[in-house]
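Some notes on the structure that comes next.
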Number of protein chains: 2
Amino acid sequence: MDIEQHKIPQATAKRLPLYYRFINNLHSQGKQRVSSKELSEAVKVDSATIRRDFSYFGALGKKGYGYNVEYLLSFFRKTLDQDEITKVALIGVGNLGTAFLHYNFMKNNNTKIEYAFDTNAEKIGTEIGGVPVKHIDDLEDIVKGDITAAILTVPSSAAQGITDRLVKSGVSGILNFTPARITVPDHIRVHHIDLSIELQALVYFLKHYPLEENTEQEE
Amino acid sequence: MDIEQHKIPQATAKRLPLYYRFINNLHSQGKQRVSSKELSEAVKVDSATIRRDFSYFGALGKKGYGYNVEYLLSFFRKTLDQDEITKVALIGVGNLGTAFLHYNFMKNNNTKIEYAFDTNAEKIGTEIGGVPVKHIDDLEDIVKGDITAAILTVPSSAAQGITDRLVKSGVSGILNFTPARITVPDHIRVHHIDLSIELQALVYFLKHYPLEENTEQEE
DNA sequence: GGATGATTGTGAAAAACTTAACGACTATCT
DNA sequence: AGATAGTCGTTAAGTTTTTCACAATCATCC
Ligand SMILES: NC(=O)c1ccc[n+]([C@@H]2O[C@H](COP(=O)([O-])OP(=O)(O)OC[C@H]3O[C@@H](n4cnc5c(N)ncnc54)[C@H](O)[C@@H]3O)[C@@H](O)[C@H]2O)c1
Ligand SMILES: NC(=O)c1ccc[n+]([C@@H]2O[C@H](COP(=O)([O-])OP(=O)(O)OC[C@H]3O[C@@H](n4cnc5c(N)ncnc54)[C@H](O)[C@@H]3O)[C@@H](O)[C@H]2O)c1
């Protein structure tokens, strides 16, 4: 439909789901209007950044008024494709994978884990959090064409092998929780979430970037 | 010791643990030297960025040669404070919290979850993954002074309350996995890892930022 | 021992992102 | 109706991060 939606900066795109969630919250609370300043305090993003982000989509608000919550919500729902369900597969039903299966991503996010895959015979055939666990041998047959993205929670030694199979099966995005930096063709998108690194980075910041003790009162 | 280490860009700091891990791998494999190009292919970061990142710490390499793995490793170990253990607490032993407790963050990351906390009577007094689970009422007493950072995996409704107590207990960093955007004093650092948002953002990118189908052969 | 090829460290440019500031406009109150 | 306080969208400035490109240097081979 709209081919040239390409002008939205990546940094903005990453914040859209966050905005969407809070607009949803406001709507549930029956709020009619909201200002960038209010939103800013809730999501901890500078209000100028929020206005700038919104402005990439045109004039969503009214000067002197703010944004209409109802309108904003329906706009973001459309923009984030929340009217159609995105089907996802999860590979590796271990500690982390099981936790994700128990979580309902549909709550505020029209994404559904349709199938899980593992090698462990004890798990195959069961349902966890309503998601059927299949044998990894059936990956290609089940995924083929039907599944948009995959969540990867296998041991890192298996990561590249499974990735290659996912790519062959037509998945176009992978959310990789393993420490392995996987290699994919150019047309496949991979987001890495590396929990060890996140923890280590936090610790590094604590030791090397001491924050100012605030003498003023925080509002 | 070195007060003015402040010149390292945040983007660089976030990559340091990643470099550290791969240098560790190389060292285990018995590799003696490595070039920024090689490292680049492994960690999927542009080689110029790697050289720039390293250069903030002085001249770690040799022109025409590359980097000595042994030296690099010992340098990063020092820089990332890997010689001392950083103590961490985990709050909320549910799906996600339990998965983390079963994971050994110490493997390549000198960070240890010392205590876990929950309200659930069945869990209190047990050990999960070698970590004792304590009652949340004892949070202040146990954490006080001893714990540097906290991992927050409670329901989002409890997030702000627990955060306030963590801050009072002297924690200086929080890794927040709840969808709540928590408020803290200026001297406390919070990193948010919001899994729903990561998934939703991936899906958004897939639909709106189609990647080039590569006609060239990938190396 | 000189030629060759590899690789760093960095100055300079480019790109990406954030923030400040303000004119234009709105709602609301008296 | 006019004054007031609030708010957006955007221009411009500032900041951070990435990338290019190359002189300087080193290892190695013949
Ligand atoms: N658990 C954590 O807190 C944590 C933290 C950081 C990183 N990680 C990473 O996340 C990944 C998963 O961690 P985990 O703790 O859940 O591990 P885990 O061992 O509990 O789970 C791995 C699962 O993958 C399955 N598996 C193994 N090989 C497979 C294959 N070829 N195909 C399909 N399934 C296969 C196993 O049967 C197992 O159920 C690992 O790469 C780990 O490094 C986990
Ligand atoms: N599980 C997932 O895959 C997933 C995905 C995205 C986000 N999250 C978020 O992570 C958080 C944890 O998710 P979960 O699935 O593990 O939830 P969960 O309900 O399984 O676990 C929450 C745990 O916190 C404990 N708890 C509740 N109130 C507490 C309090 N005041 N003090 C201490 N402990 C308390 C509960 O007893 C429970 O054990 C939630 O905020 C959730 O939104 C989880």
Side-chain angles (χ1 to χ4, degrees), chain A residues 5-16 18-19 22-23 26 31-72 75-76 79 192 201 204-205 208-209 219, chain B residues 5-19 22-23 26 31-72 75-76 79 186 192 201 204-205 208-209 219:
Chain A
Q5 201 163 50
H6 257 269
K7 284 291 125 69
I8 288 126
Q10 302 224 355
T12 296
K14 285 196 196 155
R15 284 187 291 262
L16 296 181
L18 183 61
Y19 296 147
F22 274 83
I23 294 162
L26 292 175
K31 219 150 177 313
Q32 307 276 329
R33 56 186 266 195
V34 65
S35 69
S36 60
K37 183 148 165 288
E38 249 177 309
L39 218 40
S40 166
E41 278 152 24
V43 300
K44 320 276 184 199
V45 171
D46 189 276
S47 68
T49 301
I50 293 178
R51 292 200 299 282
R52 160 93 45 216
D53 283 348
F54 285 9
S55 78
Y56 291 116
F57 298 98
L60 301 181
K62 276 213 207 81
K63 298 183 179 189
Y65 172 87
Y67 301 90
N68 179 292
V69 173
E70 183 96 29
Y71 177 74
L72 218 50
F75 178 82
F76 274 104
T79 301
H192 292 272
Y204 181 82
F205 276 111
H208 298 268
Y209 294 70
E219 144 59 5
Chain B
Q5 200 162 51
H6 258 268
K7 284 291 127 70
I8 287 125
Q10 301 227 355
T12 296
K14 285 195 197 155
R15 284 187 292 262
L16 297 182
L18 183 62
Y19 296 148
F22 274 83
I23 294 162
L26 292 176
K31 218 149 177 314
Q32 306 277 329
R33 57 186 265 193
V34 65
S35 69
S36 61
K37 183 149 163 287
E38 247 177 311
L39 218 41
S40 167
E41 277 151 26
V43 301
K44 320 278 183 197
V45 172
D46 188 276
S47 68
T49 302
I50 292 178
R51 290 199 300 281
R52 167 84 54 203
D53 283 347
F54 285 9
S55 79
Y56 292 117
F57 297 99
L60 301 182
K62 277 213 206 80
K63 298 184 180 186
Y65 173 86
Y67 301 90
N68 179 292
V69 173
E70 183 95 30
Y71 178 74
L72 219 48
F75 179 82
F76 274 103
T79 301
D186 281 358
H192 292 272
Y204 181 82
F205 277 111
H208 297 269
Y209 293 70
E219 142 61 6

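Side-chain atoms are counted along with the backbone in the values below, which use heavy atoms only and exclude waters and symmetry mates. Order of the sequence lines fixes the chain letters, A, B, ..., with proteins taken first and strands second; residue numbering starts at 1 for each chain.
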Nearest-nucleotide pick for [X], side chain only, options being [options]:
X        : options                   : result
Gln10(A) : dC17(C), dT18(C), dG11(C) : dC17(C)
Ala11(B) : dT17(D), dT18(C), dT19(C) : dT17(D)
Asp46(A) : dT26(C), dT10(D), dT19(C) : dT19(C)
Arg33(A) : dG9(C), dT28(C), dT28(D)  : dT28(C)
Ala59(A) : dG9(C), dA27(C), dG9(D)   : dG9(D)

Between Arg52(A) and Lys63(A), which is nearer to the 5' end of DNA chain C once each is assigned its nearest nucleotide?
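The residue mapped nearer the 5' terminus is Arg52(A).
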Between the side chain of Tyr209(A) and the main-chain N/O of Ile8(B), is any donor-acceptor distance below 3.5 Å?
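Confirmed, Tyr209(A) side chain pairs with Ile8(B) backbone.
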Using a heavy-atom cut-off of under 4.0 Å over every strand shown, decide if Phe54(A) touches base, sugar-phosphate, or nothing.
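The residue Phe54(A) makes no contact with any strand.
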If you look at every strand shown and take non-hydrogen atoms under 4.0 Å, does Thr12(B) touch a base, only sugar-phosphate, or nothing?
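Nothing: the residue Thr12(B), judged by heavy atoms under 4.0 Å, touches no strand.
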Would you give the length of the straight line joining atom [atom1] of [X] to atom [atom2] of [Y], rounded to the nearest 0.5 angstrom?
X        : Y         : atom1 : atom2 : answer
Phe54(B) : Thr49(B)  : CZ    : OG1   : 11.5 Å
Gln10(A) : Tyr204(B) : CD    : OH    : 10.5 Å
Phe22(A) : Lys31(A)  : CZ    : NZ    : 13.5 Å

[X] has an atom [atom1]; how far is it from atom [atom2] of [N], in whole Å?
X        : N       : atom1 : atom2 : answer
Lys37(B) : dT19(D) : NZ    : P     : 17 Å
Gln32(B) : dT28(D) : CD    : P     : 12 Å
Tyr56(A) : dG9(D)  : OH    : C1'   : 12 Å
Tyr65(B) : dT28(D) : OH    : P     : 8 Å
Lys62(A) : dT28(C) : NZ    : P     : 11 Å
Phe75(A) : dC8(D)  : CZ    : P     : 16 Å
Ile50(A) : dT7(D)  : CD1   : P     : 13 Å
Asn68(B) : dT7(C)  : CG    : P     : 15 Å

NZ of Lys44(B): more than 12 outside heavy atoms within 6.0 angstrom?
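Counting other residues, nucleotides and ligands, NZ of Lys44(B) exceeds 12 neighbours.
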If you assign each of Gly64(B) and Arg51(A) to its closest nucleotide in DNA chain D, which residue comes earlier from the 5' end?
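Final value for this comparison: Arg51(A).
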Tell me whether the OP1 or OP2 atom of [N] has a side-chain N or O from [X] closer than 4.0 Å.
X        : N       : value
Ser36(B) : dT7(C)  : no
Thr49(B) : dT19(D) : yes
Tyr67(B) : dG9(C)  : yes

